[in-house]
Amino acid sequence: MSRHPSVKWAQRSDVLYLTVELPDAQDVKLKLEPEGKFHFSAIAGSEKIPYEVDIDLFDAIDVNNSKASVGSRNICYLVKKAENKWWDRLLKQGGKSPVFLKVDWDKWVDEDEEEPENQPASDMDFGDIDFSKLNMGGGEGLNFDAAGDDDDDESDTEEEDAAEASTSKVPDTKDVPSADPKDAPDSKA
């Protein structure tokens, strides 16, 4: 009687990742059928124990563009879906999935997080661009100084500090001479 190896899975809109975790697998056989049948068999270990997986996938697949890679610790399958769409589940039958099937969280991407092929990757290198100097607008009515006055910000250059000091100098009312002659200091001293 054959055993079930542990199988991890993840999907994208166009492909399905299936990883059969079976170290030292020998005599690996894979059969894919267009209607979504997936059959795997192999023997492993010094005792030549047979392992087998036979499942009906949720939807049709493209057998000709699917690929397999046999490694020393696992067998990876890249199964091309017949239609570019997200599947609700891995298996055709609903309910609880078999205990040997697990989600491959290392390869998992949610449907709303998948990047379309025509958009650039989000890990773009912006180098040394200082976005605070681009003045991109949209800040009307926002008071950024209300959050705290960070005069100690070390990111300012000396030129910026000097320019800010010369343009934002408001005379202090203590330094302004009084207009009332009674308040003027006595000059007869």
Side-chain angles (χ1 to χ4, degrees), residues 1-45 49-139 142 144 147 155:
M1 185 164 140
S2 55
R3 299 179 182 177
H4 293 289
S6 179
V7 179
K8 289 182 171 181
W9 75 281
Q11 72 170 318
R12 301 289 190 280
S13 60
D14 59 340
V15 295
L16 184 70
Y17 298 101
L18 294 174
T19 305
V20 179
E21 295 182 330
L22 191 60
D24 301 324
Q26 301 169 1
D27 196 24
V28 175
K29 294 181 181 135
L30 169 69
K31 184 177 181 185
L32 288 171
E33 295 179 15
E35 65 271 3
K37 296 240 183 223
F38 175 84
H39 180 77
F40 164 85
S41 66
I43 55 173
I49 299 171
Y51 288 86
E52 191 172 341
V53 174
D54 197 7
I55 56 178
D56 290 327
L57 300 174
F58 183 74
D59 207 350
I61 58 172
D62 182 357
V63 176
N64 297 328
N65 290 321
S66 298
K67 300 174 185 172
S69 171
V70 178
S72 63
R73 307 211 36 70
N74 54 34
I75 299 94
C76 298
Y77 296 104
L78 181 70
V79 181
K80 178 79 173 114
K81 295 178 181 178
E83 294 181 50
N84 287 356
K85 67 177 183 177
W86 282 82
W87 293 357
D88 294 336
R89 56 186 180 271
L90 175 65
L91 303 177
K92 192 170 281 193
Q93 73 272 10
K96 190 172 180 179
S97 61
V99 294
F100 63 87
L101 284 176
K102 300 182 181 351
V103 174
D104 191 347
W105 295 113
D106 293 334
K107 295 178 183 166
W108 190 267
V109 174
D110 287 333
E111 183 176 1
D112 57 346
E113 293 175 353
E114 183 179 38
E115 291 185 20
E117 293 177 20
N118 57 356
Q119 283 188 347
S122 62
D123 58 349
M124 295 173 66
D125 181 21
F126 291 106
D128 296 330
I129 296 174
D130 184 3
F131 288 100
S132 65
K133 294 182 171 126
L134 293 178
N135 192 15
M136 304 210 25
L142 297 177
F144 292 108
S155 65

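By convention here, the first residue in the shown sequence is residue 1.
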Inset, instruction - Under the ring pair (Phe, Tyr, Trp, His ring centres under 6.0 Å) rule, collect the residues that match up with His4, sequence neighbours excluded. - result: Phe100
Legend entry - Tyr77: ring pair (Phe, Tyr, Trp, His ring centres under 6.0 Å) partners, not counting sequence neighbours: Phe38
Inset, instruction - Might you point out which heavy atoms bring Lys81 and Val15 nearest each other, and give the distance in Å? - result: CE-O, 3.6 Å
Legend entry - Heavy-atom pair with the smallest gap, counting every atom of Ser13 and Trp86: CB-NE1, 3.4 Å
Inset, instruction - Measure from the side-chain N and O atoms of Arg89 to the backbone N and O of Leu91, and report whether any donor-acceptor pair falls under 3.5 Å. - result: yes
Give the table of side-chain donor-acceptor pairs shorter than 3.5 Å for residues 55-70, with sequence neighbours excluded, one pair per line with atom names and distance.
unit_1 : atom_1 : unit_2 : atom_2 : d
Asp56  : OD1    : Lys37  : NZ     : 3.0
Asp59  : OD2    : Lys85  : NZ     : 3.1
Asp62  : OD1    : Asn64  : N      : 3.3
Asp62  : OD2    : Asn65  : ND2    : 2.7
Ser66  : OG     : Asp62  : O      : 2.8
Ser66  : OG     : Lys80  : N      : 3.0

Legend entry - Check: Val53 and Leu101 side chains under 4.5 Å, non-hydrogen atoms: no
Legend entry - Heavy-atom side-chain contact between Leu16 and Gln11 under 4.5 Å: yes
Inset, instruction - Just do the side-chain contact (heavy atoms from CB on, under 4.5 Å) check on Asp104 and Tyr17 with the steps written out, would you? - result: CA-CA 8 Å; Asp104 191 347; Tyr17 298 101; 5.6 Å; no
Legend entry - Residues that Ala42 engages under side-chain contact (heavy atoms from CB on, under 4.5 Å), provided they are two or more places apart: Leu22, Ala25, Val28, Phe40
Inset, instruction - Can you tell me which residue pairs pass the salt bridge (charged side-chain N to carboxylate O under 4.0 Å, His left out) test with a partner in residues 21-31, sequence neighbours excluded? - result: Lys8-Glu21, Asp27-Lys29, Lys31-Glu33
Legend entry - Test side chain to side chain donor-acceptor pair (under 3.5 Å) applied to Ser2 - qualifying residues, sequence neighbours left out: Glu52
Inset, instruction - First locate atom NZ of Lys102, then atom OG1 of Thr19, and finally report the distance between them rounded to the nearest 0.5 Å. - result: 13.5 Å
